[in-house]
Colleague: 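Dropping the structure in here first, questions after.
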Amino acid sequence: MTLQKAYLGIELGSTRIKAVAIDEKHIPISSGDYTWKSTYENGIWTYDLAEVWQGLKTAVSGIENRDNIQAVGISAMMHGYLAFDKDWNLLVPFRTWQNTITGQAAEELTALFGFNIPQRWSIAHLYQAVLNGEELISRIAHITTLAGYVHYMLTGVNAIGIGEASGMFPIDSEKNCYDEGMLKKFDHLVSDKNLPWKNLTDILPAVLVAGEEAGKLTEQGAAMLDNQLAPGIPFAPAEGDAGTGMTATNAVAPRTGNVSAGTSIFSMVVLEKSLEKVYEEIDLVTTPTGKPVAMVHCNNCTNDSNAWVSVLKETAELFGAEPSTGELYTKLYEKSLEGDPDCGGIFVCNYMAGEGVTHMDAGRPMVVRKPDSKFTLANFFRATLYSTMSTLKIGMDILAEEKVAIDSLTGHGGLFKTPVVGQKYLAAACNAPVTCMETAGEGGPYGMALLAAYMVNKAESETLEDYLNAHVFADAKGTTLAPEAADVAGFNTYIKQYKQLLEVEHKAVEVI
């Protein structure tokens, strides 16, 4: 029996490094993963790059029949800041998307460009380092993202996919490159700083679109993976988790969108045209093929609810019960369905870290209720789950006011693992139908594997949208839930109070 050709996607997420292989029918056939987490060191959220390679080797070891892999793609958490010298030595610890330490830079660049530059974008981190007068600025020869770094180390090619690039610096979607006008503005802004580069493009990775080849696995790269993959395998352009999420949920065409919900939560809505106004709450990025996308990115999603599940598990164990983690999540999620649509006057702020959408530089998780609130387990846990998407709703409401059309919204990630619950609440929050697909559970690495397969198998001039519709999702199985009027009204009532709760959150950050 001849073994099928396979395509491998690897994603370095915030809690897991995961590898997924798909077959010629684009069905996942094997996977491997490695659990890791960020650390908070000297005021910086970071990951140890040595653990990147340990995690990659562990994840790839779970892939079966690796000799059949025809193409590979690397994906990772978008944004952040990795700065290297000319020999690719790391100059400062990796600064992740979680950091909210670039407020001055983000504000100045947004004003300069007339384009929203969030704090987590690479250009904001670079300019903040310039403003801070960091000594190592004088040695910078390359800045890139986590996906870009791994891709370079494996292939020797310093390039990233356009979706990933759009989280480093603004993109011109007509020309599929960094915006030339904004590049010139930035170069002029720092021209008197005596920096080691002449033009910003000298230190940025090159930009590629989906379908282009981005190099091959080198012998040195293969050795870094303990030779589990053979040198010479072609690589797709490295993408961010936003782009792979769009691909994994077939949300790469205008008027489609998806919501990825795990440690962080973000929506991606593919636009028919760019927004006319600049909103600090809305990022403008691109699909893996360069189409403009409105992104609402929130740093905080399930970390706080996960902590509550852990506490409740500990409580059950006091009485001799030993529920599995999966069973506990399912029971608590389903119990929340018994709660009131407005959560009965219970309010939860889930901010473990700062939140750009609501202008918070730090977080203090809290539960607040009035004396006459209906404090039941169902209401409490419903409020906890509402909190995972409340900040997202604030941004999505802006798109609704802008009359941005959304024909379909697809949910994927850990928040949707329990059927119906997260899907139902998201439909209420966004007042739009929400679909969850069976394959969406594989998430970003599955999307990256699809991009690798597209690079190898696409017909001449076949677009990514056409490829996904014809070859991947034509017979996809999934469930769609329309928003229920009572849930929409309940969530709207909740969000009004939630916005007032944020005043308390501001004070908590200040005094605690």
Colleague: Checking S122 side chain against G80 main chain: does a donor-acceptor pair fall under 3.5 Å?
Modeller: yes
Colleague: Does L271 form a side chain to side chain contact (heavy atoms under 4.5 Å, CB included) with K291? I'd like the steps, not just the answer.
Modeller: CA-CA 8 Å; L271 302 172; K291 288 183 171 59; over 6 Å; no
Colleague: Report the C-alpha separation of H412 and Y446 in whole Å, then their side-chain angles, then the decisive distance to 0.1 Å, and conclude whether the side chain to side chain donor-acceptor pair (under 3.5 Å) test is met.
Modeller: CA-CA 12 Å; H412 65 113; Y446 171 67; over 6 Å; no
Colleague: Checking N379 against D340: is there a side-chain donor and acceptor pair closer than 3.5 Å?
Modeller: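 Yes, a side-chain donor-acceptor pair sits under 3.5 Å.
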Colleague: Tell me whether the count of non-hydrogen atoms from other residues, nucleotides or ligands lying under 6.0 Å of CD in E180 goes above 12.
Modeller: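 Open.
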Colleague: If you apply the rule side chain to side chain donor-acceptor pair (under 3.5 Å), what do you find for Q119 with T100, and how did you get there?
Modeller: CA-CA 6 Å; Q119 288 202 49; T100 48; 5.1 Å; no
Colleague: Could you report the tightest heavy-atom contact between A427 and A482, atom names first, then the distance?
Modeller: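 Shortest heavy-atom separation between A427 and A482 comes out as CB-C, 4.3 Å.
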Colleague: If only side-chain N and O atoms count, and only distance matters, is there a donor-acceptor pair under 3.5 Å linking Y40 with T46?
Modeller: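 Side chains of T46 and Y40: no pair found under 3.5 Å.
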Colleague: Test ring-ring contact (aromatic ring centres under 6.0 Å, His included) on W308 and F380 and set out the steps.
Modeller: CA-CA 10 Å; W308 279 111; F380 163 66; 4.9 Å; yes
Colleague: When the aromatic ring centroids of W121 and F169 are compared, is their separation below 6.0 Å?
Modeller: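 Ring-ring flag for W121/F169: false, centres at least 6.0 Å apart.
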Colleague: Backbone N or O of E465 within a donor-acceptor pair of the N469 side chain at under 3.5 Å?
Modeller: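 Between the backbone of E465 and the side chain of N469 there is a qualifying donor-acceptor contact (under 3.5 Å).
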Colleague: Determine whether the side chains of T410 and T249 contain a donor N or O and an acceptor N or O closer than 3.5 Å.
Modeller: no
Colleague: Answer yes when R382 and E338 have at least one side-chain N-carboxylate O distance shorter than 4.0 Å, and no when they do not.
Modeller: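 Salt bridge between R382 and E338, a charged N being under 4.0 Å from a carboxylate O: no.
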Colleague: Can you find a side-chain donor-acceptor pair between Y454 and H26 that sits under 3.5 Å?
Modeller: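 Result is no, nothing qualifies.
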Colleague: Please say which of T286, T287, L464, N176 ends up in a side chain to side chain contact (heavy atoms under 4.5 Å, CB included) with V209.
Modeller: N176
Colleague: Under a 3.5 Å threshold, yes or no: a donor from one side chain and an acceptor from the other, between H471 and E462?
Modeller: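 Yes, side-chain donor-acceptor contact under 3.5 Å.
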Colleague: Give the minimum heavy-atom separation between C177 and I162, together with the two atoms involved.
Modeller: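 Closest approach of C177 to I162, heavy atoms only: N-CD1, 4.4 Å.
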Colleague: In Å, rounded to the nearest 0.5 Å, how long is the span from OG1 of T247 to CG of N258?
Modeller: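 Spacing of OG1 (T247) from CG (N258) equals 9.0 Å.
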Colleague: Might you confirm whether atom NZ of K313 has over 12 heavy atoms from other residues, nucleotides or ligands at distances under 6.0 Å?
Modeller: yes
Colleague: Would you call R255 and E272 a salt bridge, taking side-chain N to carboxylate O under 4.0 Å as the test?
Modeller: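 Looking at R255 and E272, the cut-off is met.
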Colleague: Is a side-chain donor-acceptor pair under 3.5 Å present for N457 with Y7?
Modeller: yes
Colleague: Would R95 pass as a cation-pi partner of Y81, given that its NZ or CZ must be under 6.0 Å from the six-membered ring centre and within 45 degrees of the axis?
Modeller: no
Colleague: Is E107 atom CD crowded by more than 12 heavy atoms from other residues, nucleotides or ligands, each under 6.0 Å away?
Modeller: no
Colleague: What class does the angle between the rings of Y329 and Y333 fall in, given that below 30° is parallel, 30 to 60° is tilted and above 60° is perpendicular?
Modeller: tilted
Colleague: Taking atom types as modelled, is there a side-chain donor on T110 or E280 under 3.5 Å from an acceptor on the other?
Modeller: no
Colleague: Take the angle between the ring planes of F491 and Y386 and call it parallel below 30°, perpendicular above 60°, tilted in between.
Modeller: parallel
Colleague: Just by distance, no angles: are the side chains of E11 and T244 close enough, under 3.5 Å, to form a donor-acceptor pair?
Modeller: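 The answer is yes; a qualifying pair exists.
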Colleague: Name the orientation class of the two ring planes belonging to F186 and Y127 (parallel below 30°, tilted from 30 to 60°, perpendicular beyond 60°).
Modeller: perpendicular
Colleague: Classify the ring geometry of H297 against W97: parallel below 30°, tilted from 30° to 60°, perpendicular beyond 60°.
Modeller: perpendicular
